[in-house]
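See structure below.
Keep in mind that the numbers below use all heavy atoms, side chains included, and drop hydrogens, waters and symmetry copies. What you see is a predicted model; the values in this text were computed from it and never measured.
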Amino acid sequence: ITKPTGTLVVSVYNRHGWYYYTWRYAGAVVRGLRRVIGDRGLKVTVFPVFHVGTVILLSVVTRKWFRLPLETSWNLFHDQFTTPQCTFHTFEELERWATEAGLACDERRVEAASQLVTVRCRRTS
């Protein structure tokens, strides 16, 4: 619900972004492993590779040593791989939803390293 001149910004996971493939394929393997070996098993098998890889990637991207606390990395690991349900959408879906709600989309952006699609809409009536 927006005021007559109101704006609504909506961000959702990008159906065409890298996270869709990460969650769907790598995540399926991790979720399957988790059912068999549990979180403790993941902590000593898959997670160390994820943590080191993430630290290296972030250090390269930022061009300085990146310190990533283990707890933060563990939460990120779960967010990326073990989330049981996740939906992914396209700009076209967002714009259709906006039109159905009486909104017009003025702007579309791909954000968060292509992980999200975002639209800015305004109320048309």
Side-chain angles (χ1 to χ4, degrees):
I1 299 173
T2 64
K3 294 180 182 180
T5 59
T7 299
L8 175 69
V9 177
V10 178
S11 291
V12 296
Y13 286 127
N14 183 2
R15 171 59 183 84
H16 302 295
W18 61 268
Y19 180 52
Y20 170 77
Y21 301 100
T22 300
W23 182 85
R24 180 161 182 150
Y25 300 108
V29 171
V30 172
R31 289 186 296 278
L33 270 173
R34 186 182 192 199
R35 283 190 292 277
V36 175
I37 64 175
D39 281 350
R40 283 187 176 177
L42 289 178
K43 271 192 173 178
V44 298
T45 58
V46 181
F47 173 68
V49 174
F50 172 83
H51 178 72
V52 170
T54 302
V55 167
I56 290 170
L57 176 66
L58 291 172
S59 297
V60 168
V61 168
T62 62
R63 296 182 183 193
K64 63 180 181 176
W65 179 249
F66 196 92
R67 184 184 170 282
L68 183 61
L70 282 174
E71 184 176 344
T72 301
S73 185
W74 180 245
N75 291 337
L76 180 62
F77 174 80
H78 276 295
D79 181 56
Q80 298 295 309
F81 297 109
T82 68
T83 299
Q85 292 184 344
C86 197
T87 61
F88 299 84
H89 303 281
T90 63
F91 282 121
E92 293 75 24
E93 287 177 290
L94 290 176
E95 289 168 345
R96 186 179 74 244
W97 297 340
T99 300
E100 290 169 0
L103 302 170
C105 293
D106 294 330
E107 180 183 359
R108 49 163 66 183
R109 298 187 303 264
V110 176
E111 299 180 301
S114 296
Q115 186 171 332
L116 301 173
V117 289
T118 299
V119 293
R120 185 175 55 80
C121 305
R122 63 180 160 73
R123 192 166 151 185
T124 57
S125 56

| task | Quick one: pull up NE2 in H16 and OH in Y21 and give me the separation to the nearest 0.5 Å. | result | 7.5 Å
| query | Which word best sums up how the rings of F77 and F81 line up, parallel for under 30°, tilted for 30 to 60°, or perpendicular for over 60°? | reply | tilted
| note | OG1 (T87) and OH (Y20) are apart, to the nearest 0.5 Å, by 11.5 Å
| remark: Nearest heavy-atom approach of H51 to S73 is ND1-OG, 2.8 Å
| Hphob cluster co-occupancy, W74 + I37, side-chain heavy atoms under 4.5 angstrom | yes
| task | Return the minimal non-hydrogen interatomic distance between E95 and C105, and the atom names on each side. | result | CG-SG, 3.6 Å
| message | Does E71, at its CD atom, have more than 12 non-hydrogen atoms belonging to other residues, nucleotides or ligands within less than 6.0 Å? | response | no
| request: Supply the atom-to-atom distance R96 CZ to E92 CD, rounded to the nearest 0.5 angstrom. | output: 9.5 Å
| request: Would you indicate whether the side-chain heavy atoms of W97 and L103 approach each other to under 4.5 Å? | output: no
| message | Just verifying a value: how many Å separate I56 CD1 and L68 CG, rounded to the nearest 0.5 Å? | response | 12.0 Å
| message | Apply side-chain contact (heavy atoms from CB on, under 4.5 Å) to residues V117 and T90 and explain how you reach the verdict. | response | CA-CA 7 Å; V117 289; T90 63; over 6 Å; no
| query | Which atom pair, heavy atoms only, marks the closest approach of V119 to F91? | reply | CG1-CD2, 3.9 Å
| query | Say you draw a straight line from OG1 of T82 to CZ of R35; how long is it, rounded to the nearest 0.5 Å? | reply | 11.0 Å
| said: Is there a continuous path of hydrophobic side-chain contacts, each under 4.5 Å between heavy atoms, that joins Y25 to V46? | reply: no
| task | Could you tell me how the ring of Y13 sits relative to the ring of Y19: parallel (under 30°), tilted (30 to 60°) or perpendicular (over 60°)? | result | tilted
| Verify same cluster id: L70, F50 (apolar side-chain graph, 4.5 Å) | yes
| message | Taking the side chain as everything from C-beta on, heavy atoms only, tell me whether F88 gets closer than 4.5 Å to R24. | response | no
| request: Please lay out, stage by stage, how E93 and R15 fare under the test salt bridge (charged side-chain N to carboxylate O under 4.0 Å, His left out). | output: CA-CA 10 Å; E93 287 177 290; R15 171 59 183 84; over 6 Å; no
| Is there a path of hydrophobic side-chain contacts, each under 4.5 Å between heavy atoms of I, L, V, M, F, W or Y residues, that connects V36 with V30? | yes
| query | What's the spacing between L42 CG and R34 CZ if we round to 0.5 Å? | reply | 7.0 Å
| Non-hydrogen atoms of V55 and W65 that approach each other most closely | CG1-CH2, 3.4 Å
| note | Taking every heavy atom of W23 against every heavy atom of Q80, the minimum-distance pair comes out as CD1-O, 3.8 Å
